[in-house]
Enquirer: 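Submitted below is the structure of interest, expressed as structure tokens.
Within every chain, numbering begins at 1; the chains are lettered A, B, ... in the order of the sequence lines, protein sequences first and strands thereafter.
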There are 2 protein chains.
Amino acid sequence: MYSIQDVSKKTGLSAHTLRYYEKEGLISGVERSQGGFRQYTDEDLEALGLICCLKNTGMSLQEIAEFVRLTYQGDYTLKERVELLRQHRENVVQRMAEMQRYLDKVTWKINFFSEKLRAYEEQQASRKDAG
Amino acid sequence: MYSIQDVSKKTGLSAHTLRYYEKEGLISGVERSQGGFRQYTDEDLEALGLICCLKNTGMSLQEIAEFVRLTYQGDYTLKERVELLRQHRENVVQRMAEMQRYLDKVTWKINFFSEKLRAYEEQQASRKDAG
DNA sequence: CTAAACCTTAAAGTTCACTCTAAGTCAATA
DNA sequence: TATTGACTTAGAGTGAACTTTAAGGTTTAG
């Protein structure tokens with residue numbers, strides 16, 4: 001059992017954000033102590049791990065909430081969930097490929113500017129020699 | 001010479017956005033017709049190309065504006081610009097590596113759920129047989 | 001027992017990158 | 001000439017994902 005502060009440290013999400021995620025339906029069924037304090041289990045942490053993966057690969061909180069909702073509906077939504085994750089993975093793969101193309105252009109520009117810089121520095125050096 | 005509409009089509013940015021970028025200092029020195037209409041040159045398009053690359057690899061408009069500002073200061077900022085682009089590239093490479101790690105976890109989850117799904121479907125089939 | 005941590009609701013504020021509207025003027029094209 | 005498209009400033013609106021604040025109450029750990 002972990003307090004909200006423990007989970008905050010483990011996940012890097014603030015306690016505020018954890019409560020916010022709960023409100024938005026990204027986490028459900030977090031147990032409470034007698035006094036009403038949140039007590040996260042290892043399964044909750046596991047679920048949060050997947051949530052972070054999805055978030056960090058660009059899935060919106062809304063979509064994640066939808067995924068979580070399916071999870072809570074039981075095994076009969078497994079097919080849909082697998083499909084959803086596969087689609088997401090496909091999107092990410094494509095975005096990464098696109099990113100790589102943009103990055104290649106940036107690299108090209110770096111080389112171009114480097115050459116220009118080399119020429120510029122040479123010119124500066126020869127000016128110094130002359131002057 | 002291209003009108004704002006031409007450039008909008010070529011870059012995929014709206015005319016609104018092009019004016020907004022100008023206001024924010026991402027593009028400078030766009031020529032005008034006698035009547036005050038923007039007339040983009042091939043160099044402007046070239047510059048916009050780099051801007052889009054930077055934007056699409058996650059650089060903020062603020063940082064891009066800073067880069068453009070350096071560009072307009074002349075060749076003596078070449079070194080700084082090359083350094084800036086190299087740093088950006090490094091960041092992007094790292095973000096992509098991180099993304100790949102998250103994606104691997106997602107893939108792992110897909111496999112896990114797929115196996116669970118297989119078991120579930122088998123169970124459903126045997127129930128059908130029995131009933 | 002006390003101090004720190006937690007709880008609640010509700011709403012306001014923040015940042016980013018647009019996106020749109022208004023209101024009026026001016027230019028270019030068929 | 002009529003209409004479409006461009007121009008201006010200035011400000012409001014949007015959506016995502018938080019973040020903060022307030023205000024007051026309760027619980028838990030040392």
Enquirer: Do the side-chain N or O atoms of Ser3(A) get closer than 4.0 angstrom to the phosphate oxygens (OP1, OP2) of dA5(C)?
Expert: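 Answer is no, no contact under 4.0 Å.
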
Enquirer: Please work out if Glu24(B) contacts a base, only the sugar-phosphate, or nothing of the nucleic acid, heavy-atom cut-off 4.0 Å.
Expert: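 The answer is nothing, as Glu24(B) stays clear of every strand by at least 4.0 Å.
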
Enquirer: Taking only distance into account, with no hydrogens and no angle test, what donor-acceptor pairs under 3.5 Å do side-chain atoms of residues 19-30 of chain A form with protein atoms, sequence neighbours excluded?
Expert:
residue  : atom : partner  : partner atom : Å
Glu22(A) : OE1  : Arg38(A) : NE           : 2.7
Glu22(A) : OE2  : Arg32(A) : NH2          : 3.3

Enquirer: Is Lys23(B) touching bases, backbone alone, or none of the nucleic acid, heavy atoms closer than 4.0 Å?
Expert: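 Contact class for Lys23(B): none.
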
Enquirer: Please confirm whether the shortest side-chain N or O distance from Arg19(B) to OP1 or OP2 of dA17(C) is below 4.0 Å.
Expert: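 So the side chain of Arg19(B) is outside the cut-off, no N or O lying under 4.0 Å from OP1 or OP2 of dA17(C).
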
Enquirer: Taking for each residue the nucleotide of DNA chain C with the nearest heavy atom, is it Phe37(A) or Ser33(B) whose nucleotide lies nearer the 5' end?
Expert: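 On the 5' side of the pair lies Phe37(A).
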
Enquirer: Check whether any side-chain nitrogen or oxygen of Tyr20(B) sits under 4.0 Å from OP1 or OP2 of dC20(C), and answer yes or no.
Expert: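 Answer no for this pair, as no side-chain N or O of Tyr20(B) is under 4.0 Å from OP1 or OP2.
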
Enquirer: Quiz question: by atom type and distance under 3.5 Å, do the side chains of Glu63(B) and Ser60(B) form a donor-acceptor pair?
Expert: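 Present: a donor and an acceptor within the cut-off.
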
Enquirer: Of all the nucleotides listed (dC6(C), dA17(C), dA28(C)), which has the minimum atom distance to the side chain of Ser60(B)?
Expert: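 Shortest atom-to-atom distance from the side chain points to dA17(C).
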
Enquirer: Without decimals, in angstroms, what is the distance between Leu26(B) CG and dC18(C) P?
Expert: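 Taking atom P of dC18(C) as the reference, CG of Leu26(B) is at 9 Å.
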
Enquirer: When the distance from CG of Leu18(B) to P of dT19(C) is rounded to whole Å, what number comes out?
Expert: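 Between P of dT19(C) and CG of Leu18(B): 11 Å.
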
Enquirer: Name the residue closer to the 5' end of DNA chain D, choosing between Ala15(B) and Gly35(A) according to the nucleotide with the nearest heavy atom.
Expert: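 Taking each residue's closest nucleotide, the earlier one in sequence belongs to Ala15(B).
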
Enquirer: Under 4.0 Å between a side-chain nitrogen and a carboxylate oxygen: does that hold for Glu46(B) and Lys109(A)?
Expert: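 Judged by the 4.0 Å cut-off on N to carboxylate O distance, Glu46(B) and Lys109(A) do form a salt bridge.
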
Enquirer: Could you check how far OH of Tyr40(A) sits from C1' of dC6(C), rounded to whole Å?
Expert: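 Tyr40(A) atom OH is separated from dC6(C) atom C1' by 11 Å.
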
Enquirer: Applying the side chain to side chain donor-acceptor pair (under 3.5 Å) test to Asn91(B), which of Gln87(B), Gln94(B), His88(B) qualifies?
Expert: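 Filter result, single survivor: Gln87(B).
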
Enquirer: To the side chain of His16(B), which of dC6(C), dA17(C), dC20(C) is closest?
Expert: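 Looking only at heavy atoms from C-beta outward on His16(B), the closest nucleotide is dC20(C).
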
Enquirer: Please report the distance, rounded to the nearest Å, between NZ in Lys55(B) and P in dA17(C).
Expert: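 Spelled out: NZ on Lys55(B) to P on dA17(C) is 9 Å.
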
Enquirer: So where does chain B start and stop touching DNA chain D, 5' to 3', when the test is distance under 4.0 Å to a non-hydrogen atom?
Expert: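 Taking any atom under 4.0 Å from a heavy atom of chain B, the span is dG5(D) to dT8(D).
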
Enquirer: Flag the pair Glu98(B) and Arg95(B) as a salt bridge only when some basic side-chain nitrogen lies within less than 4.0 angstrom of an acidic carboxylate oxygen.
Expert: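 No, Glu98(B) and Arg95(B) are not salt-bridged.
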
Enquirer: Is the shortest distance from a Lys or Arg side-chain nitrogen in Glu122(B) or Arg118(B) to a carboxylate oxygen in the other one below 4.0 Å?
Expert: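 So Glu122(B) pairs with Arg118(B) through a salt bridge.
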
Enquirer: Please tell me whether Asp44(A) and Thr41(A) have a donor and an acceptor in their side chains that are separated by less than 3.5 angstrom.
Expert: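 Present: a donor and an acceptor within the cut-off.
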
